[in-house]
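One structure below.
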Number of protein chains: 2
Amino acid sequence: MTVTLADVAARAQVSPATVSRVLNGNYPVAAATRERVLRAVDELDYVLNGPASALAAATSDLVGILVNDIADPFFGIMAGAIQGEIGGPGGRAGGERLAVVCNTGGSPERELTYLTLLQRQRAAAVVLTGGAVEDAPHAAAVAAKLRKLADAGTRVVLCGRPPAPDTDAVALTFDNRGGARALTAHLLGLGHRRLGYIAGPVERTTTRHRLEGHRAALAAAGVEEDPRWTVYGRYDRRSGYEATLELLRRDPSLTAIVAANDSVALGACAALRESGLRIPEDVSVAGFDDLPFSIDAVPSLTTVRLPLAEAGARAGRVAMGREEPPPGGIASVRGELMVRGSTGVPRVS
Amino acid sequence: MTVTLADVAARAQVSPATVSRVLNGNYPVAAATRERVLRAVDELDYVLNGPASALAAATSDLVGILVNDIADPFFGIMAGAIQGEIGGPGGRAGGERLAVVCNTGGSPERELTYLTLLQRQRAAAVVLTGGAVEDAPHAAAVAAKLRKLADAGTRVVLCGRPPAPDTDAVALTFDNRGGARALTAHLLGLGHRRLGYIAGPVERTTTRHRLEGHRAALAAAGVEEDPRWTVYGRYDRRSGYEATLELLRRDPSLTAIVAANDSVALGACAALRESGLRIPEDVSVAGFDDLPFSIDAVPSLTTVRLPLAEAGARAGRVAMGREEPPPGGIASVRGELMVRGSTGVPRVS
DNA sequence: GCCGGTGTAGCAAGCGCTTTCTACAAGGTG
DNA sequence: CACCTTGTAGAAAGCGCTTGCTACACCGGC
């Protein structure tokens, strides 16, 4: 029924071994023979059996990419960039690799299960993107898995994620703290003193780091923070909308709202607008990430640009062993403050 | 080094066959034996060798999802929904499957290559999302591949994509034509007579269908179209921005702009605003898809809501054989007109 | 003209799992 | 009490490929 290596070998009048070697190109084969084999492959429309090949060679050409939310461009952009570098179709690399984008939905169990699935497939590499969950047992479980993967020869890279202790995984970490600090410093520089903060899910590292940066900026400016000014939520617009209404209820005198990311900021804008407040005259709004739509917000969003595509590409190259990992296996990738229309001097109260 | 089935068998004092049967659960095994095997698996921290298993069983648990642009939420939302249904971790289905999201970037060659790669992996199912490329030879090549995949036992489902002729692939098609027609009819109903249209890439089916719907509405209303009113571009905001400037240059008297999708519409809004035109007082703008950010545009975007998540979920279920394919293998999924703030009556000229 | 490279190709032993077929006990039946 | 189900487990034959080792020409050099 299906064409196998042996069929091709028979047709080309060579041994299966020779066909395999022609296909893999890692062994000298006379030009004439290769020619003949290639023709046979073509004529029979032969397609290599991936599992068989992976079994025999003890490696596969699968590369796993774990994302928290595939519907979020934040991850989509990184995943696309990674995929572009791992030599999938169109990539420069010779061997064609299949990128496997796995959507964990932010769930620790699914993250672990996907890691196991990838281990089972003997993935060539795994890239984990986005913030990690801070639960200690889970972190330990992930670290253990990563170690096992590494032992089995799978290259592990973290992209936009803090380093995993006790692991030799390469980490390209976003400087969320620094970015957040610069952002809030900008707001403080404009004269704001009462700033609401809409955080992401409590247990996410990203959430904590950004919040810490925010608070560091406040502390540096000697601004005391009211605990009512912080609300936790999810990384989506709905959350931003609801949190903003909550903040407004808690303290209507806020002059600025800093959001965990751009989507949240968009939701915040909607809530403010519906509450009859102008941006930035009445309330300034700031986001984080600088996703493509942020510049189209009205007014356009002040935010911190994260080089998602660049970081993803780099992670992809490191995962493929085409680029040296950073010294110490850890690199911090900085964001850039983008001052736009959504922030301004506070209203005089 | 690595733990194999045989190791587990030895430890549990049973034959490898029994271990395999316990793990696959498709053969009666005495409770006590199963218990013992499971314990051994746990103690040895055994992980099945995917390729070996796939080779022996002649099937794999990989499911491919082809998308045109993984960074675009349009595809992200569908991919997420599909993945949620194919029984990956967290899904209800028993057997855990690995979703493989492949980013074709809209390139026909990569589409074909990915299809081959999936064929090579003996994927359990393949879901192709988004508009197809209309180039005849390419369409034929894809159809041939899909046939071959189906022959090899891979279930093929098209989601948001027109049916593939000479193929028994199940197709859940979006009614782009109908949606576009309703949208333009809405604009005509408001009194617009000079409507610019920003189309997507020429060769995409989605582009053609939406444009046809638009023109059908114009024709039905007896409005004659000026060829200068249509500009082709890509499905991103930049394209919308540039195309709008072009349209404005060609005919400043346009009172409405219909965009190929929401991202394009956002770009159009930016261009209009920069040109000093108010939305919708001076120019109405309409999008397509109703992505999450569309409601946050200012003014919020009139658009056609496509049930991306629902369609994706259904496609996922069909791909897993958990839902009957629609009669004839083809279903048309309708969009819903969402009238919002970006469209209004035209200015009196 | 014999010998040791050098360049190619084949042989055959797995890789780790699934599954058919067979084997054996235990229990029910005439 | 012999015989046949029924339930459960093992033996072994692959699945299709890779690769270490071996084999054979053919070449040039002494």
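Note on naming: letters A, B, ... go to the chains in the order of the sequence lines (proteins, then strands), and numbering restarts at 1 for each one.
Both B/A30 and B/A52 lie near DNA chain D, and the one whose nearest nucleotide falls closer to the 5' end is B/A30. Both B/Y27 and A/A6 lie near DNA chain D, and the one whose nearest nucleotide falls closer to the 5' end is B/Y27. Of the two residues contacting DNA chain C, namely B/N49 and B/N26, the nearest-nucleotide position lying further toward the 5' end is that of B/N49.
Heavy atoms only, all atoms of each residue included: A/L98 and B/Q121 are closest at CD1-CG, 3.9 Å. Considering all non-hydrogen atoms of both residues, B/T104 and B/E111 come closest at CG2-CA, 3.8 Å. In terms of heavy atoms, A/V170 sits closest to A/P326 at CG1-CD, 3.7 Å. In terms of heavy-atom proximity, A/A99 sits nearest to A/Q83 at CB-NE2, 3.3 Å. The two residues B/P162 and B/A132 make their nearest non-hydrogen contact at CD-N, 4.3 Å. Here the closest non-hydrogen pair linking B/L172 and B/A311 is CD1-O, 3.7 Å.
Interface remark: the B/R36 side chain does not form any donor-acceptor pair with the D/dT8 base, using a distance-only criterion of under 3.5 Å. For A/R120 against C/dG16, a side-chain-to-base donor-acceptor contact under 3.5 Å is absent. Judged by atom type and distance alone, B/R122 does not reach the base of D/dG16 through any side-chain donor-acceptor pair under 3.5 Å.
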Give me the distances for all protein-to-nucleotides 23-27 of chain C N/O pairs that come in under 3.5 Å?
none

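Closest to the B/R21 side chain, of the nucleotides C/dC21, D/dT19, C/dT8, is C/dC21. Relative to the side chain of A/L5, the nucleotides D/dT18, C/dT19, C/dT18 differ in distance, and D/dT18 lies closest. If you check C/dG10, C/dT8, D/dA9 against the side chain of A/P28, the one that comes closest is C/dT8.
Within a heavy-atom distance below 4.0 Å of DNA chain D, the residues of residues 12-20 of chain A found are A/A17, A/S20. The stretch residues 56-63 of chain A comes close to DNA chain D through A/A56, A/A57, each having a heavy atom under 4.0 Å from the strand.
The one candidate from B/L118, B/T129, B/V127 that meets the side-chain contact (heavy atoms from CB on, under 4.5 Å) condition with B/L66 is B/L118.
A salt bridge links A/D45 with B/K148; the closest basic N to acidic carboxylate O contact falls under 4.0 Å. With respect to A/R314 and A/E323, a salt bridge is recorded, a charged nitrogen being found less than 4.0 Å from a carboxylate O.
If you take CG of B/L55 and C1' of C/dT18, they are 10 Å apart, rounded to a whole angstrom.
Residues B/V67 and B/V101 are in side-chain contact: their nearest non-hydrogen atoms beyond the backbone lie under 4.5 Å apart.
In terms of phosphate contacts, B/N24 brings a side-chain nitrogen or oxygen within less than 4.0 Å of OP1 or OP2 of C/dT18.
Heavy atoms of other residues, nucleotides or ligands lying less than 6.0 angstrom from CD of B/E43 number more than 12.
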